[in-house]
2 protein chains.
Amino acid sequence: MPSDRLSSTLFALSDPTRRGILARLAIGDATVTELAEPYEMSLAAVSKHLKVLETAGLISRGREAQWRPCRLEAAPLQDVFEWLESYERFWDRSLDSLADYLKVMQNRGPGNKDD
Amino acid sequence: MPSDRLSSTLFALSDPTRRGILARLAIGDATVTELAEPYEMSLAAVSKHLKVLETAGLISRGREAQWRPCRLEAAPLQDVFEWLESYERFWDRSLDSLADYLKVMQNRGPGNKDD
DNA sequence: TATGTATTCAACCGATTGGTTATCAACTGA
DNA sequence: TCAGTTGATAACCAATCGGTTGAATACATA
């Protein structure tokens, strides 16, 4: 795991299994066995993925008897979001919103066929 | 490098050197030597980082004599952005933008002192 | 107490990472 | 043609990754 926070967050997110786990946790809290259910890998492998997510601060874990319920923690995601925002000007904004699109169409005037 | 596009993008972004290279390219196109200048590692190491960024589609490269100018390609960043947006509801929106803050202030009307 | 269930830990494995140095290739210009 | 510059490639290395299996831990219940 890389040293700085943003790096470890992005690294944790770079695995499809871990993103799948986060997607499941977006529905609601879940135990390790519940999280592991969609995957063919061993429970120990999922446990490792959870540790990566936990050290990245992307999940937190409770204690209920022998269960360790996992919860999504989105703060690191916001860091990524904010980092990304400084690059927002580099991608095509015209597809971002219908409003932008309509603005373009209005400026072109009627009768224009070359779309 | 992971198989799917989003994974390889996030993985490429998970290294601070590679993010630094992108930040430099956000200023403008640059050659490999220019990109390598801030780092103490060898040119070959930077070349490897560039290959990771290129296979992730985050940069493109031209040809000018013996130079291979690099250019930022932000399309994969937009994919990450869109993936992140589905998690936006999990973090606190109230600090997201000054616009939101001002909207709240306007709705409150003048003369309100309890900030 | 013994048993079953949930989860982690430890050791191991092959593949990959991020770095090195040395070499090769492409191009410029004297 | 030959030297200099730019960059990529190859071979190598220690460390890490993502997975495995097997044992250990923690708890509930009979």
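Residue numbering restarts at 1 for every chain, and letters A, B, ... go by the order of the sequence lines.
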How about B/E64: does its CD atom have over 12 heavy atoms from other parts shown lying under 6.0 Å from it? no
Let me confirm one number: the CG-CG distance from B/L77 to B/L13, rounded to the nearest 0.5 Å. 6.0 Å
How long is the line joining CD of B/E64 and P of C/dA26, in whole Å? 18 Å
B/Y87 meets the ring pair (Phe, Tyr, Trp, His ring centres under 6.0 Å) criterion, sequence neighbours left out, with B/W83
Given side chains that start at C-beta, do those of B/W67 and B/R61 come closer than 4.5 Å, heavy atoms only? no
Contact pattern, 5' to 3', of nucleotides 2-12 of chain C - B, S or - by protein heavy atom under 4.0 Å: ---BSBSB-B-
Which part of the nucleic acid does A/A45 contact within heavy-atom distance under 4.0 Å: base, sugar-phosphate only, or nothing? base
Selection residues 23-38 of chain A - residue pairs positive for salt bridge (Lys or Arg N to Asp or Glu O under 4.0 Å), sequence neighbours left out: A/D29-A/R71
A/F11 CZ to D/dA15 C1', in whole Å, measures 12 Å
Residue closer to the 5' end of DNA chain D, A/R63 versus A/T17 (nearest nucleotide): A/T17
So, is B/H49 near the phosphate of C/dG19, with a side-chain N or O under 4.0 Å from OP1 or OP2? yes
Side-chain (B/S47) to main-chain (B/L43) donor-acceptor, under 3.5 angstrom: no
Separation of atom CG in B/L35 from atom C1' in D/dT6, rounded to whole Å: 13 Å
